[in-house]
Protein chains: 2
Amino acid sequence: MRRSDAHATGVRCADCMLRRKRLFRPFSPGELAAVAAMKQQHLVVAAGTDIVRSGERVRICYTLFDGWAARSHELKSGARQILDVVLPGEAIALDSVLLGAGTHSVHALTTAALCVLDGKQVVALLENSPTFAADLLRTQLENERRADARLTMLGRLNGEERVGYFLVETFERLRRRGMADETRCAFPLRRADIADAVGLSKVHAMRALRALRAHGLADVSGGSLTIANPAQLAAHVGFVPLPTTRRAIL
Amino acid sequence: MRRSDAHATGVRCADCMLRRKRLFRPFSPGELAAVAAMKQQHLVVAAGTDIVRSGERVRICYTLFDGWAARSHELKSGARQILDVVLPGEAIALDSVLLGAGTHSVHALTTAALCVLDGKQVVALLENSPTFAADLLRTQLENERRADARLTMLGRLNGEERVGYFLVETFERLRRRGMADETRCAFPLRRADIADAVGLSKVHAMRALRALRAHGLADVSGGSLTIANPAQLAAHVGFVPLPTTRRAIL
DNA sequence: CGTAATCTTGACCAACGTCAATGTTCGTGG
DNA sequence: CCACGAACATTGACGTTGGTCAAGATTACG
């Protein structure tokens, strides 16, 4: 499950099924060629691997092709905050290509497949294809809206609501990628990960999960998440799905 | 202090001193002309005015020219979360021009002067000037980094640290705009605003302010903020200033 | 089969929210 | 200049939420 698998799982951009999903912006032939040219490697890493470490200056970025990852901050105190879960089709380390040394870490939550992209060529595409740059800006503005909502959840919801919010939001993101059925999806996060995502201690995150289960709202067990009535849970925690826009993908 | 003052305070983009600050990206003559053309009005609003209301679909966006504003979410419960303080030179409602109906509100914290920009022309500039789109994307990625740090503060710091973080972060942003001296700056937020920014109740935000004052770290009174030793406070709360990049301004 | 990691729970304590009362500031009209 | 009221600031008392510690149960894996 290391780099030696690269060829086994390699996919040419032109054949990539991920980018054909409705969620993603269609590519012009020219853009597709540019992206195919900048793709240096198809890399598979094991669960737990650090994909990006905070402070590293890098000349490459990634598209998560398959699997789950988490962006996080670590404090000197040892505490950790998970900033966001990264799902297939999303960019990793794009910020460090455009702004220099990254401020967050990214680690694989499951076995993860990554498209490795040459930073210089990414910048070149941006500066040569204005519609692409504009679409990437749209995607980034949409990310900001999600981040705003997460900030509100951390600042203003109680423990049970925070966990519930995190679960439906993730469920909804998976649904849009065709990675969830009506009430169920994979959910590889451990209890400690959930706690670090919603700003609770591990013990209290447990209590919140127990309460959600007791209320028949959500159940996390055996690596999968079941939400009997997603609309009800969403209403309960004040989650409002964003209107679907076609996200830029690299 | 209403629209009638527009002419009194009107500034032509070519003469604008704000955009000449080091913090902001210099403009090519072509871009400057494009921005001057899209500027429809120079609008002055009183403190407390709603500049943008959540859910409104708009065809214009703004650059905050002078004064302070706050972006916020309101929950059905009546609770409010301030997402960010908006300072001179920053865009307002750019997201709703590019993505449709906004998801947050923006209100003026002080008397505020706004450059009103035509949305269509903003989009046109983006799609015609790739370097500008790329720079705006950089600025947006920098905003994301700040948002990540705020999320971490909400999730992982205690009340006193949260308030301290919010104060130094804002102080540092003002300093970069030349709006603060070594230890002091204007600070027009009320106690309730501070509480809503850091996810505390008003009463507890008070206690945190009292503790910060008792520890000699920060003092908010009479509409101004004094931080005896900003570096010390920053270290105390884990605030790390982002490297300065030249921000795109419209 | 054994060891380490993770999950789960109870008991207890600290942080934070709520309620309610008092003080302070500031603008307005007399 | 003063009287008044409204909005805001400040504080104490008390209840609730969430953190910490510690132990036992379960799972994953060599």
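In what follows, every chain begins at residue 1, and chains take the letters A, B, ... in the order their sequences are listed.
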For this session: Give the rounded distance in Å between these two atoms: CE of B:M206 and C1' of C:dT24.
Result: 12 Å

Problem set entry | Nearest-Å distance for atom pair CG/C1', residues A:D196 and D:dG19 | 14 Å

Problem set entry | Between D:dG19 (P) and B:E161 (CD): distance, integer Å | 14 Å

For this session: Using a 4.0 Å heavy-atom cut-off across all strands, classify B:G222 as base, sugar-phosphate, or nothing.
Result: nothing

For this session: Compare the minimum distances between each of C:dA20, C:dT8, D:dT20 and the side chain of B:V203, then state the nucleotide with the smallest one.
Result: C:dA20

Exercise. Taking the side chain of B:R190 as heavy atoms from C-beta outward, which of D:dG18, C:dC19, D:dC8 is closest to it?
Worked result: D:dC8

Exercise. Could you state the CG-P distance from A:L209 to D:dG18, rounded to the nearest angstrom?
Worked result: 13 Å

Exercise. B:R210 near the nucleic acid: base, sugar-phosphate alone, or nothing, with a heavy-atom cut-off under 4.0 Å?
Worked result: sugar-phosphate

Problem set entry | Nearest-nucleotide comparison on DNA chain C, the residue closer to the 5′ end among A:K202 and B:R162 | A:K202

Exercise. Expressed in angstrom and rounded to an integer, what is the separation of B:E160 atom CD from C:dA15 atom C1'?
Worked result: 12 Å

Exercise. Toward the 5' end of DNA chain C, which comes first, A:R191 or A:G155, by nearest nucleotide?
Worked result: A:R191

Exercise. Side chains of B:S77 and A:R156: closer than 4.5 Å at any heavy-atom pair?
Worked result: no

Problem set entry | Distance, nearest 0.5 Å, that separates CG of B:L114 from CG of B:L64 | 6.0 Å

Seminar exercise, completed: Side-chain atoms of A:L200 come closest, of C:dG17, C:dT18, D:dG18, to D:dG18

Problem set entry | Note: A:R173-A:D84 ion pair, threshold 4.0 Å (strictly below) | yes

Exercise. Once you round it to whole Å, what is the distance between P of D:dA9 and CZ of B:F187?
Worked result: 12 Å

Exercise. Rounded to the Å, how far apart are B:L109 CG and D:dC8 C1'?
Worked result: 15 Å

Exercise. Parallel under 30°, tilted from 30 to 60°, perpendicular over 60°: which one fits the rings of B:H73 and B:H104?
Worked result: tilted

Problem set entry | Protein-nucleotide distance (A:H204, atom NE2; C:dG10, atom P), rounded to Å | 14 Å

For this session: State plainly whether the residues A:R80 and A:D193 are in salt-bridge range, i.e. N to O under 4.0 Å.
Result: yes

For this session: Just call it for B:G199: base, sugar-phosphate, or nothing, with non-hydrogen atoms closer than 4.0 Å on any strand.
Result: sugar-phosphate

